2 protein chains.
Amino acid sequence: MPAYQRIAAAYRSQIMSGELRPEDRLPTEHEIADRFGVVRQTVRTGLGILVTEGLIVARRPHGYFVRRREHMVYRPQEKSRPRPASPEMDRFSQQIVDEGRTPHQAIEVSLVQAAPDLAERLGIAAGETVVARRRVRFINGEPVNINDSHFPIELVKDSEIMSPAYLPRGTDQVLADLGYRQDRAIDEIFIRMPTPEEIHRLSLGPGTPVAAHYDTGYTAAGTPVQCTVNVLPGDRHKIVFERHWQGEPAG
Amino acid sequence: MPAYQRIAAAYRSQIMSGELRPEDRLPTEHEIADRFGVVRQTVRTGLGILVTEGLIVARRPHGYFVRRREHMVYRPQEKSRPRPASPEMDRFSQQIVDEGRTPHQAIEVSLVQAAPDLAERLGIAAGETVVARRRVRFINGEPVNINDSHFPIELVKDSEIMSPAYLPRGTDQVLADLGYRQDRAIDEIFIRMPTPEEIHRLSLGPGTPVAAHYDTGYTAAGTPVQCTVNVLPGDRHKIVFERHWQGEPAG
DNA sequence: ACATCTACATTGTCTAGTCAATGTAGATGT
DNA sequence: ACATCTACATTGACTAGACAATGTAGATGT
């Protein structure tokens with residue numbers, strides 16, 4: 001086994017076993033190099049593996065630290081339930097306040113050309129104009145996820161959706177008022193590494209995979225009216241839903 | 001911007017834009033080094049980023065190639081629907097055959113001590129013995145996902161679940177016959193980088209994140225009777241489910 | 001025709017350094 | 001007391017090489 005893999009394995013097992021705990025500091029590259037009898041570059045290769053695995057982070061000039069991970073719960077199913085009591089808050093903000101934390105979001109509205117993946121889901125041609133309501137959600141000042149909603153422009157031009165203000169009613173309700181009430185949605189979740197843009201918007205450290213959750217809403221007539229892309233950093237979320245059995249198991 | 005990032009950005013954009021397509025070959029490290037006026041090591045750092053992003057793979061001694069990705073559909077909701085017609089095949093195999101491909105699975109039964117995460121979900125103490133039915137599922141000879149089911153040993157000792165044979169009825173049915181019929185399940189999905197063991201069992205390339213799907217089943221009495229861990233490589237799956245609206249939107 | 005060997009190009013691992021960037025703690029000055 | 005500067009330890013970026021490992025294609029032998 002190459003030296004750099006031995007180094008990675010050594011500290012990985014210390015972290016996994018709990019011997020090294022979150023926020024603990026690792027030895028310096030120099031110390032590790034001496035300990036394993038290799039040069040610093042080899043140590044860097046080995047620790048680089050743990051960085052891309054999301055187990056440690058480097059804080060210059062302090063050293064390497066074991067990464068902390070606590071998951072916030074993400075419930076895709078809740079979206080098709082009636083809204084909570086206070087209409088001035090969306091479900092995300094409500095949940096955060098319930099947990100005693102401070103939410104905050106920055107909304108930005110723009111007209112963009114639909115990328116192929118979006119166009120397909122919205123049933124339009126690639127390159128056609130869509131309205132994008134892009135927002136990054138923050139908790140206690142730290143970004144936690146991306147929520148970019150997209151609407152075909154014919155459906156929403158002249159409506160409130162074009163305004164970058166926060167819509168207490170929620171965009172689903174605005175769409176319903178415009179005559180496009182959704183009664184069905186398809187959810188698709190992809191697991192991948194983030195793009196540089198996502199890394200920037202979410203201040204992601206290296207080694208953080210994301211879930212890309214595409215939520216496409218349809219009217220009763222089967223017309224897609226919105227497609228929302230949620231980008232959830234893996235180190236900050238877990239996705240939760242419940243099932244109840246349908247039909248009787250035979251026997 | 002550092003040279004290695006410029007290199008990564010250059011080839012990333014060529015891949016994203018479609019200029020470089022799946023299976024296309026990149027220039028050799030040497031050529032890239034000459035082109036950007038840096039040494040080979042710097043090129044390796046840059047290409048290393050794209051490898052960990054899952055965009056390219058290195059095939060020695062042939063060079064770097066743009067990675068292909070095609071997603072197989074994973075439907076967690078289907079699990080709580082009645083089973084398909086042919087009782088000798090489970091849902092996974094049925095789906096694969098429908099797609100004209102050849103499924104195959106290797107089942108291995110063992111007694112293990114419950115890790116803390118499992119113990120918590122099964123409502124037992126960490127370290128207690130559980131029965132693990134571990135299996136890797138293959139399509140056309142290639143591993144696609146891990147499906148490890150865990151049962152408290154008191155519930156299933158002396159039952160067929162202890163046998164490493166394939167159970168046409170399915171373990172849920174066996175549990176039901178033992179008096180532990182599930183009528184509710186909680187699904188939790190975590191996004192993370194794979195462990196070395198998962199990399200080995202699934203033959204994962206570097207830069208492949210996974211979804212870990214914990215499916216915990218409960219009887220009507222609220223007792224957890226099984227916890228299944230599905231590990232889905234991000235480059236081979238998308239998770240899909242559907243929602244239908246409950247309750248009437250006001251207005 | 002067939003098997004076997006060999007040269008080769010390419011990536012993989014590693015050494016031994018240099019200089020830059022960065023946040024902190026302690027020294028210094030007023 | 002307070003602000004400012006400076007030295008320092010640490011990680012980040014990079015150079016210039018060496019040798020190993022690995023499939024393949026072509027040469028060679030029978």
Side-chain angles (χ1 to χ4, degrees), chain A residues 1-12 14-15 20 23-68 142 196 199-200 203-208, chain B residues 1-12 15 20 23-68 196 199-200 203-208:
Chain A
M1 192 189 258
Y4 75 95
Q5 285 183 21
R6 284 203 311 274
I7 293 169
Y11 290 101
R12 185 191 296 113
Q14 285 192 33
I15 294 169
L20 277 170
E23 298 303 319
D24 277 1
R25 213 196 109 176
L26 272 64
T28 69
E29 295 176 347
H30 227 84
E31 286 167 3
I32 297 176
D34 289 350
R35 210 170 289 184
F36 283 80
V38 297
V39 298
R40 201 181 131 221
Q41 191 54 239
T42 304
V43 175
R44 284 181 65 75
T45 306
L47 296 185
I49 292 178
L50 302 186
V51 170
T52 63
E53 284 178 7
L55 291 176
I56 63 176
V57 289
R59 296 201 199 113
R60 183 168 54 165
H62 305 293
Y64 289 88
F65 295 84
V66 179
R67 193 154 145 181
R68 198 167 41 89
E142 299 203 340
I199 290 173
H200 175 249
S203 306
L204 294 181
T208 308
Chain B
M1 190 190 261
Y4 75 95
Q5 284 182 20
R6 283 204 311 274
I7 293 169
Y11 290 100
R12 185 191 294 113
I15 293 168
L20 277 170
E23 299 303 318
D24 277 1
R25 214 197 109 176
L26 272 64
T28 68
E29 296 175 345
H30 227 85
E31 286 168 3
I32 297 176
D34 289 350
R35 211 170 288 183
F36 283 80
V38 297
V39 298
R40 201 183 130 220
Q41 192 56 239
T42 304
V43 174
R44 284 182 65 76
T45 307
L47 295 185
I49 293 178
L50 301 186
V51 170
T52 63
E53 284 178 6
L55 291 176
I56 63 176
V57 289
R59 295 200 200 114
R60 182 168 54 166
H62 304 292
Y64 290 89
F65 295 83
V66 179
R67 192 154 145 182
R68 199 166 39 90
I199 290 174
H200 174 249
S203 308
L204 295 180
T208 306

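Since this is a predicted model, take the numbers as computed values, not measurements. So that the names make sense, note that chain A is the first sequence line, chain B the second, and so on, each numbered from 1.
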Trainee: Which residues within residues 35-45 of chain A lie with some heavy atom under 4.0 Å of an atom in DNA chain C?
Mentor: A:G37, A:V38, A:V39, A:Q41, A:T42
Trainee: How long is the line joining CZ of B:R6 and C1' of D:dA13, in whole Å?
Mentor: 12 Å
Trainee: Using whole Å, report how far NE2 of B:H30 lies from P of D:dT15.
Mentor: 13 Å
Trainee: Distance check, rounded to the nearest 0.5 Å: B:Y64 atom OH versus B:L20 atom CG?
Mentor: 14.5 Å
Trainee: Looking at every non-hydrogen atom in both residues, tell me the closest pair between A:T208 and A:R67 and how far apart they are.
Mentor: OG1-NH2, 2.6 Å
Trainee: Once side chain to side chain donor-acceptor pair (under 3.5 Å) is applied, do any residues pair with A:R40, and if so which ones, sequence neighbours excluded?
Mentor: A:E29
Trainee: Show, in sequence, the C-alpha distance, side-chain angles and deciding distance for B:V66 and B:L55, and conclude whether the side-chain contact (heavy atoms from CB on, under 4.5 Å) test is met.
Mentor: CA-CA 6 Å; B:V66 179; B:L55 291 176; over 6 Å; no
Trainee: Ignoring hydrogens and geometry beyond distance, is a side-chain donor-acceptor pair present between B:R44 and A:T45 at under 3.5 Å?
Mentor: no
Trainee: Taking atom OG1 of A:T52 and atom CG of A:L50, what is their separation to the nearest 0.5 Å?
Mentor: 7.5 Å
Trainee: Restricting to non-hydrogen atoms, name the atom on A:G46 and the atom on A:A8 that form the minimum distance, rounded to 0.1 Å.
Mentor: O-CB, 3.6 Å
Trainee: Considering residues at least two apart in sequence or located in another chain, which fulfil the side-chain contact (heavy atoms from CB on, under 4.5 Å) criterion with A:P196?
Mentor: B:R12
Trainee: Is the shortest side-chain heavy-atom distance between B:Y11 and B:I56 below 4.5 Å?
Mentor: no
Trainee: Is there a donor-acceptor pair closer than 3.5 Å between any side-chain N or O of B:R6 and the backbone N or O of B:M1?
Mentor: yes
Trainee: Mind calculating the distance between CG (B:L47) and P (D:dA13) to the nearest angstrom?
Mentor: 15 Å
Trainee: Any stems for DNA chain D, made of 3 or more Watson-Crick or G-U pairs in a row, each with both distances under 3.5 Å?
Mentor: C:1-30 with D:1-30
Trainee: Can you check the B:I7 CD1 to D:dC14 C1' distance for me, whole Å?
Mentor: 11 Å
Trainee: Using atom names, set out every protein N or O paired with an N or O of nucleotides 7-10 of chain D below 3.5 Å, distance rounded to 0.1 Å.
Mentor:
from	atom 1	to	atom 2	distance (Å)
D:dT10	O4'	A:P61	O	3.2

Trainee: Kindly point out which of D:dT11, C:dT13, D:dA13 is positioned nearest to the side chain of A:A58?
Mentor: D:dT11
Trainee: Provide, to the nearest angstrom, the distance between the CE atom belonging to B:M1 and the P atom belonging to D:dC14.
Mentor: 11 Å
Trainee: Just jot down the side-chain contact (heavy atoms from CB on, under 4.5 Å) partners of B:T42, sequence neighbours excluded, or say none.
Mentor: B:A3, B:Y4, B:V38, B:V39
